[in-house]
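Notes to accompany the following structure.
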Amino acid sequence: MEKKDSIKLNKAKPQNFIKNIIEKDLSMNKNDERVHTRFPPEPNGYLHIGHAKSICLNFGLASEYKGLCNLRFDDTNPTKEEVEYIESIKLDIRWLGFNWGDRLFYASDYFDKLYEYANQLIKSKKAYVCSLSTGEIKEYRGTLTQPGRNSPYRSRSVKENLGLFKRMRAGEFKEGEHVLRAKIDMESPNLNMRDPVIYRIIHESHHRTGNKWCIYPMYDFAHCLEDSIERITHSICTLEFEDHRPLYDWFLEQLNLFHPQQIEFARLNLSYTVLSKRKLLELVKYGYVTGWDDPRMPTIAGFRRRGYTPESIHDFSERIGVAKRDSLVDVALLEHCVREDLNKRAMRVMAVLRPLRLIIDNYPEHKVEEIEAVNNPEDISMGTRKIPFSRVLYIEQEDFRENPPKKYFRLFPGQEVRLKHAYYIKCEKVIKDEKTGEVKELHCTYDPESRGGGTADGRKVRGTLHWVSAAHSVKAEVNLYDRLFIKENPVDCDKNSDFKEYINHNSVETLKSCMVEPGLANAVPGSRFQFLRHGYFCVDSSKGKLVFNRTVQLRDTWAKIEKSIKDRKGS
RNA sequence: UGGGGUGUAGCCAAGCGGUAAGGCACCGGUUUUUGGAGCCGGUAUUCGGAGGUUCGAAUCCUCCCACCCCAGCCA
């Protein structure tokens, strides 16, 4: 009994090290028992599934502990940022179902304050204007194994620094002429502490502050202060910032400000794709994909167009957990998450992707019947619909074999199968192209007593095929997607090769002559369906044409059996 | 040969001195008008390795090994 209860509890509340920290803080009354997180993207690209993990984490933690989560654009570098990205990021977060309320902030909102803090550091002799060139700064910094050397400008007077910094701001200098640096320790084993640059001159217009500024704060200086200003309690970021934490803490201590806690977790890696803005940008720029929202892209926009649901992405991010270990999550888990979600929600329809004509010889020529079909066997409340049935149908090419392999229980000469929702049919004759030998059409007979898919004599058939009535079906285009890369971890390559070498050049197959049941003619863009026995598909918005994108295939046991038969033969 | 991290099944991941959760994948079986879904069952004598402490170690100690991150005026 007791064991059962504890299992239930674990299931209901999976733990991770961040929750442990928060719960400990809460129990010690730290931060007045507040939990306040933030999601701080730089608007320099589209969000991907790795960001979704961070979004779910930050907003999820806030809601679980009755706290708040801010959205903050970390726009401290005008050379890389664009308004287009801001809009896409907001859209993606909303689509995921999160709400930042009235807490939308920008780092650039704090430029005045940040400038004040910098002056304060100068006054307390903790910052100085350095006039070394970029190359010289690098040289003075030393290496991983050798300590750095003090800049000759390190001992400038407070007065001189104040004056120079003011003139930097006034635009009196060219880019690179001077920087403001924190005065810490050039011999620190942590490179980040060797007098890091905290302000640099950039003569470029900023998307929000225009030409008001020509000096911009660096991440390390700005981020901790932004967090502090917003009274963030837990500042969650990825592992590569672990080395920056001492600096994060240093600024807050020097300025004696509210001190959020930085916590680092491992970023998401997903098999058979890449998750870095730089690499995704390359795919877009060089035309490997059609854009940031190409359904093959691991971007949130891509998954949306692919037919993924926000719920499935939440579920995924819950299941992968949060830890500090570098990991490569199997994309099969993500696929499982959408299947599970869509299985419960998607309406079943029949669509023949590669049509093969089938004529029922003993069915009256002009007769049309309306067959009732269940919309979703997982959810009877979704009701039923009528589908036309007639003498000439289309079935799937792969549902017929003239010479069936072992265990094949679809249609072949002499074999009886069921047409889903309709009748039993038996294959009587195969018409082939005389020259190519290609199967052109099938002639079958049906059992009028089997309407609805069962017979009075109770005889069983193994196979059930989907079909559409030729005269009533609607033509559609279907995009079948496969993984974008052929290598599980495309980034794992030696120095002289590139991740692009592992691109799967057959990652999309477009079928232009698919036949779908008539009810789909007016399907709304974005709506999702299960194509019976195929997978989940969603309507892509495109002018005039009916286009479906395959979200994910159904599990295919037969494909596995067939493969194992082939493998056995081969060996 | 500097510093910071991380090693639990094929892939994730819990575990915090009391005798290895859970999910995905995989393999059986059952059921089925989707070769889908469901249901039932199986899969780590052992936690990177070697020592040590302890009645008892994945958990504590010591040494070793492997992998990741850091030398932007990017974030």
Sugar-phosphate, base or nothing in reach of [X], heavy atoms under 4.0 Å:
X	value
A:Ile320	sugar-phosphate
A:Thr134	base
A:Ile201	nothing
A:His244	base
A:Pro147	nothing
A:Val322	sugar-phosphate
A:Asp243	base
A:Gln530	base
A:Asn44	nothing
A:Ile561	base
A:Arg348	base
A:Val329	sugar-phosphate
A:His466	nothing
A:Phe409	base

In residues 265-275 of chain A, which residues come under 4.0 Å of RNA chain B by heavy atom? none

For [N], what is the paired nucleotide under Watson-Crick or G-U wobble rules, both distances under 3.5 Å?
N	answer
B:G7	B:C65
B:A13	none
B:U1	none
B:G28	B:C40
B:A71	none
B:C60	B:G52

[N], OP1 or OP2 - any side-chain N/O from [X] closer than 4.0 Å?
X	N	value
A:Arg200	B:A75	yes
A:Arg141	B:G72	yes
A:Arg319	B:G22	no
A:Lys560	B:G35	no
A:Thr76	B:A75	yes
A:Thr557	B:G36	yes

Among the nucleotides [options], which one has an atom lying closest to any side-chain atom of [X]?
X	options	answer
A:Leu333	B:C73, B:U34, B:C24	B:C24
A:Ala332	B:G35, B:A25, B:G5	B:A25
A:Ala323	B:C24, B:A13, B:C73	B:A13
A:Leu191	B:C70, B:A75, B:A13	B:C70
A:Leu144	B:U34, B:G5, B:G2	B:G2

How do A:Leu239 and A:Lys420 order along RNA chain B: which one's closest nucleotide is nearer the 5' end? A:Leu239

Taking the nucleotide of RNA chain B with the closest heavy atom to each, which residue, A:Leu532 or A:Asp326, is nearer the 5' end? A:Leu532

With salt bridge (Lys or Arg N to Asp or Glu O under 4.0 Å) as the criterion, how do A:Arg345 and A:Asp341 come out once you've worked through the C-alpha distance, each side chain's angles and the decisive distance to 0.1 Å? CA-CA 7 Å; A:Arg345 305 161 53 172; A:Asp341 189 25; 2.9 Å; yes

Every protein N/O within reach of nucleotides 28-32 of chain B N/O, cut-off under 3.5 Å:
none

Partners passing side-chain contact (heavy atoms from CB on, under 4.5 Å) against [X] (at least two apart in sequence or in another chain):
X	value
A:Thr143	A:Thr145, A:Gln146
A:Pro147	A:Glu187
A:Tyr153	A:Cys130, A:Ser131, A:Leu132, A:Ser151, A:Arg156
A:Lys279	A:Val274, A:Ser276, A:Val491, A:Phe499

So, under a plain 3.5 Å distance rule, would you say the side chain of A:Asn190 forms a donor-acceptor pair with the base of B:G4? no

Can you tell me whether the side chain of A:Arg410 and the base of B:G35 have a donor-acceptor pair closer than 3.5 Å? yes

Side chain to side chain, A:Tyr536 and A:Phe529, heavy atoms closer than 4.5 Å: no

Validation row: A:Tyr424, A:Arg459 side chains within 4.5 angstrom (heavy atoms): yes

Which of these, A:Tyr308, A:Tyr46, A:Phe316, sits in a ring-ring contact (aromatic ring centres under 6.0 Å, His included) with A:Phe303? A:Tyr308

Yes or no on ring-ring contact (aromatic ring centres under 6.0 Å, His included) for A:Phe165 and A:Tyr115, after CA distance, side-chain angles and deciding distance? CA-CA 10 Å; A:Phe165 190 46; A:Tyr115 180 74; 5.0 Å; yes

Can you tell whether the side chains of A:Arg38 and A:Asp227 come within less than 4.0 Å, N to carboxylate O? yes

Please state the C1' separation for the pair B:C16 and B:C11 - nearest whole angstrom. 25 Å

Partner set under ring-ring contact (aromatic ring centres under 6.0 Å, His included) for [X], not counting sequence neighbours:
X	answer
A:Tyr408	A:Trp558
A:Tyr446	A:Tyr363, A:Tyr423
A:Tyr394	none

Apply salt bridge (Lys or Arg N to Asp or Glu O under 4.0 Å) to the pair A:Asp315 and A:Arg319, showing each step before the final yes or no. CA-CA 6 Å; A:Asp315 186 31; A:Arg319 288 177 191 235; 3.1 Å; yes

With salt bridge (Lys or Arg N to Asp or Glu O under 4.0 Å) as the rule and sequence neighbours excluded, what pairs involving residues 374-385 of chain A come up? A:Arg385-A:Glu517

Would B:G72 be called syn or anti, given that syn covers angles within 90° of 0? syn

Summarise how protein sits on nucleotides 38-44 of chain B as a single string, 5' to 3': B when a protein heavy atom is under 4.0 Å from the base, S for sugar-phosphate-only contact, - for no contact. -------

Do we see A:Trp558 stacking on the base of B:G35, given a limit of 5.5 Å between centres and 30° between planes? yes

Identify each donor-acceptor pair in which a side-chain atom of residues 329-336 of chain A lies under 3.5 Å from a protein atom, sequence neighbours left out, and give them as a table.
{"residue": "A:Asp330", "atom": "OD1", "partner": "A:Ala332", "partner atom": "N", "Å": "3.0"}
{"residue": "A:His336", "atom": "NE2", "partner": "A:Glu340", "partner atom": "OE2", "Å": "3.4"}

